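The block underneath contains the structure these notes are about, expressed in structure tokens.
Keep in mind that the numbers below use all heavy atoms, side chains included, and drop hydrogens, waters and symmetry copies. All residue numbers refer to positions in the sequence shown, counting from 1. Just so it is clear, the structure is predicted and the values come from calculations on it, not from any experiment. Atoms within a ligand are numbered from 1 in the order they appear, just like the ligands themselves.
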Amino acid sequence: MSVTVVGSVAFDSLETPFGSRERILGGAATHFSVAASFFTDVRVVGVVGEDFGETELEVFRARGIDTTDLQRVAGGKSFHWRGSYEDDMAVAHTLDTQLNVFADFDPQLSPAARESRILFLANIQPDLQRRVREQCHGAAFSGLDSMNFWIESARESLVETIRSVDCVVLNDAEVRMLTDEPNLARAARWIRDIGPDVLLMKQGAYGACMYTPDGFFSVPAYPLETVVDPTGAGDSFAGGFFGYLDSLGKDEFTERELRQATVHGSVLASFVVEEFGNERLQRLTLDEIAGRFEEFRQMTVFEPPVRA
Ligand code: AMP
């Protein structure tokens, strides 16, 4: 069992109400891989520059993530994103995006990466996502994430890529922007009508919901009193979701399994935002994940928890 993920592997410069960080390890594929690695084997496809050193690589190795398909371009510079958040931390404001080595990246996947049962096209140029999708014929379940940057600059290509996957992961603002439809239920239908069976809609501090052929499911966000840095919440959500599904060792999933995966996504997202970048996930344990999963279970049933 393994999950292959392609997406940005980056340096992020961030400013939140709790402080700022310059050039810390980030990127959609990075956050996804680390989150998914708690459940299954992960192979990351991407490209970095010469500025990407042993310290950064060690974060992947420490989680057992396979970096065979992470190319390093001599003399090149890694993807760099600069973003900031206001007090409610609801929206990430992009101040600068430098694609650098991703501008000319033409991935040729290793045989092992092509054979993964689950494929996730994390946030990156949609043409690039599609080139990876085309190489992974055997993927039984595939998903995709994107963002306003690509919806505005490469909409047609993104729609074509969406047609080729089973599950789309976007936040509510992105769903509205992509579909040009203010009503979210109608927007969800629009997306599912062009191909994907499943739409996972992230709603920031309000949690996430899922539209499937069997209906609708909603999961809250964990009620944290302090969110230090929301960067990577969406990718960690996706990592928890797809990583958990892969751990089941199946090609198709029941509604119940998809719902459990959604809760695992919310659990992983709730940890990553507690600290900057993926610092928190680097020391996360399976026991902590299980503990918070149980708390989520209590939050999504009618009966109040039995106190000892
Ligand atoms: P999120 O999980 O939505 O908070 O995603 C955060 C990550 O997305 C950051 O670590 C950034 O490096 C990455 N990112 C920002 N802009 C882009 C972009 N245009 N394409 C790909 N990745 C991006």
Side-chain angles (χ1 to χ4, degrees), residues 5-16 21-36 44-49 51-52 56 59-60 77-85 89-103 105 120-129 132 143-155 157-158 161 168-175 177 200-205 208 221 227-242 265-266 268-281:
V5 56
V6 61
S8 53
V9 177
F11 285 112
D12 287 349
S13 298
L14 310 166
E15 209 171 300
T16 86
R21 294 284 188 281
E22 273 299 310
R23 294 184 62 82
I24 59 171
L25 177 63
T30 306
H31 291 298
F32 177 97
S33 307
V34 173
V44 61
V45 178
V47 63
V48 292
D51 49 1
F52 203 86
E56 286 78 29
V59 172
F60 292 84
K77 280 167 74 178
S78 301
F79 185 108
H80 180 241
W81 180 68
R82 182 176 293 278
S84 72
Y85 302 86
M89 297 212 241
V91 183
H93 298 287
T94 294
L95 306 176
D96 190 31
T97 303
Q98 302 282 334
L99 293 180
N100 294 330
V101 286
F102 265 101
F105 182 45
F120 189 65
L121 311 172
N123 189 15
I124 198 64
Q125 221 286 342
D127 292 333
L128 188 51
Q129 293 180 314
V132 171
L144 160 155
D145 187 12
S146 194
M147 72 182 290
N148 53 5
F149 187 87
W150 303 116
I151 297 172
E152 278 163 5
S153 63
R155 188 179 180 283
S157 172
L158 177 59
T161 311
V168 167
V169 187
L170 289 175
N171 70 35
D172 43 6
E174 292 157 353
V175 165
M177 186 187 248
L200 280 175
M201 202 186 313
K202 300 169 283 180
Q203 296 169 306
V227 171
V228 170
D229 171 21
T231 311
D235 307 309
S236 305
F237 176 86
F241 179 86
F242 288 93
S266 242
L268 268 291
S270 75
F271 282 112
V272 80
V273 301
E274 288 182 353
E275 293 176 22
F276 272 96
N278 69 9
E279 285 163 18
R280 180 66 179 93
L281 294 202

By number and element, which atoms of ligand 1 are closer than 4.0 Å to a non-hydrogen atom of T231?
-> 4 (O), 6 (C), 9 (C), 10 (O)
Mind checking the CZ-CD spacing from R21 to E15? Nearest 0.5 Å is all I need.
-> 12.0 Å
Just say parallel, tilted or perpendicular for the rings of F241 and F237, cut-offs at 30° and 60°.
-> parallel
Flag, side chain of Q98 to backbone of N100, donor-acceptor distance under 3.5 Å = no
W150 to ligand 1: N or O pair under 3.5 Å?
-> yes
Backbone N/O of G277 and side chain of D229: donor-acceptor pair under 3.5 Å | yes
Any F11 heavy atom less than 4.0 Å from ligand 1 = no
Closest non-hydrogen protein atom to atom 13 (C) of ligand 1, residue and atom name please, with distance?
-> S8 OG, 3.8 Å
Name of the residue among R23, H80, K77 meeting side chain to side chain donor-acceptor pair (under 3.5 Å) with D51 | R23
Using a strict cut-off of 4.0 Å, indicate which atoms of ligand 1 neighbour a heavy atom of G26.
-> 10 (O)
Mark the output for G27 as yes if a heavy-atom distance to ligand 1 is under 4.0 Å, and as no if none is.
-> yes
Could you say whether the N/O atoms of T97 and ligand 1 ever approach to under 3.5 Å?
-> no
Go through ligand 1 atom by atom and flag the ones less than 4.0 Å from a non-hydrogen atom of G234.
-> 2 (O)
Short version for A233: what comes under 4.0 Å of ligand 1, heavy atoms counted, is backbone
Which pairs, with at least one residue in residues 268-278 and sequence neighbours excluded, count as a side chain to side chain donor-acceptor pair (under 3.5 Å)?
-> S270-R292, E274-R280, E274-R292, E275-R283, N278-Q282
Taking the side chain from T161 and the backbone from P126, do they hold a donor-acceptor pair closer than 3.5 Å?
-> yes
Using heavy-atom distances, let me know which of N123, T94, D96 sits nearest atom 14 (N) of ligand 1.
-> N123
Do you see a donor-acceptor pair shorter than 3.5 Å between the side chains of W81 and T94?
-> yes
Keeping the roles fixed (side chain from S8, backbone from A28), state whether a donor-acceptor pair exists under 3.5 Å.
-> yes
If you count the atoms of ligand 1 from 1 in the order shown, which ones are under 4.0 Å from a heavy atom of H31?
-> 10 (O)
Which atoms of ligand 1 are found less than 4.0 Å from any heavy atom of A10?
-> 12 (O)
Can you check whether M147 has an N/O within less than 3.5 Å of an N/O in ligand 1?
-> no
With backbone taken as N, CA, C and O and side chain as the heavy atoms from C-beta onward, which portion of D12 lies under 4.0 Å from ligand 1: side chain, backbone, both, or neither?
-> side chain
Close approach, F79 and ligand 1, non-hydrogen under 4.0 angstrom | yes
In chain order, what residues pass the salt bridge (charged side-chain N to carboxylate O under 4.0 Å, His left out) check against R82, with sequence neighbours excluded?
-> E22
Quick one: nearest non-hydrogen protein atom to atom 4 (O) of ligand 1, plus distance?
-> G232 N, 2.8 Å
Atom 2 (O) of ligand 1 sits nearest the protein heavy atom D235 OD2, 2.6 Å
Do the ring centers of F32 and F120 come within less than 6.0 Å of each other?
-> yes
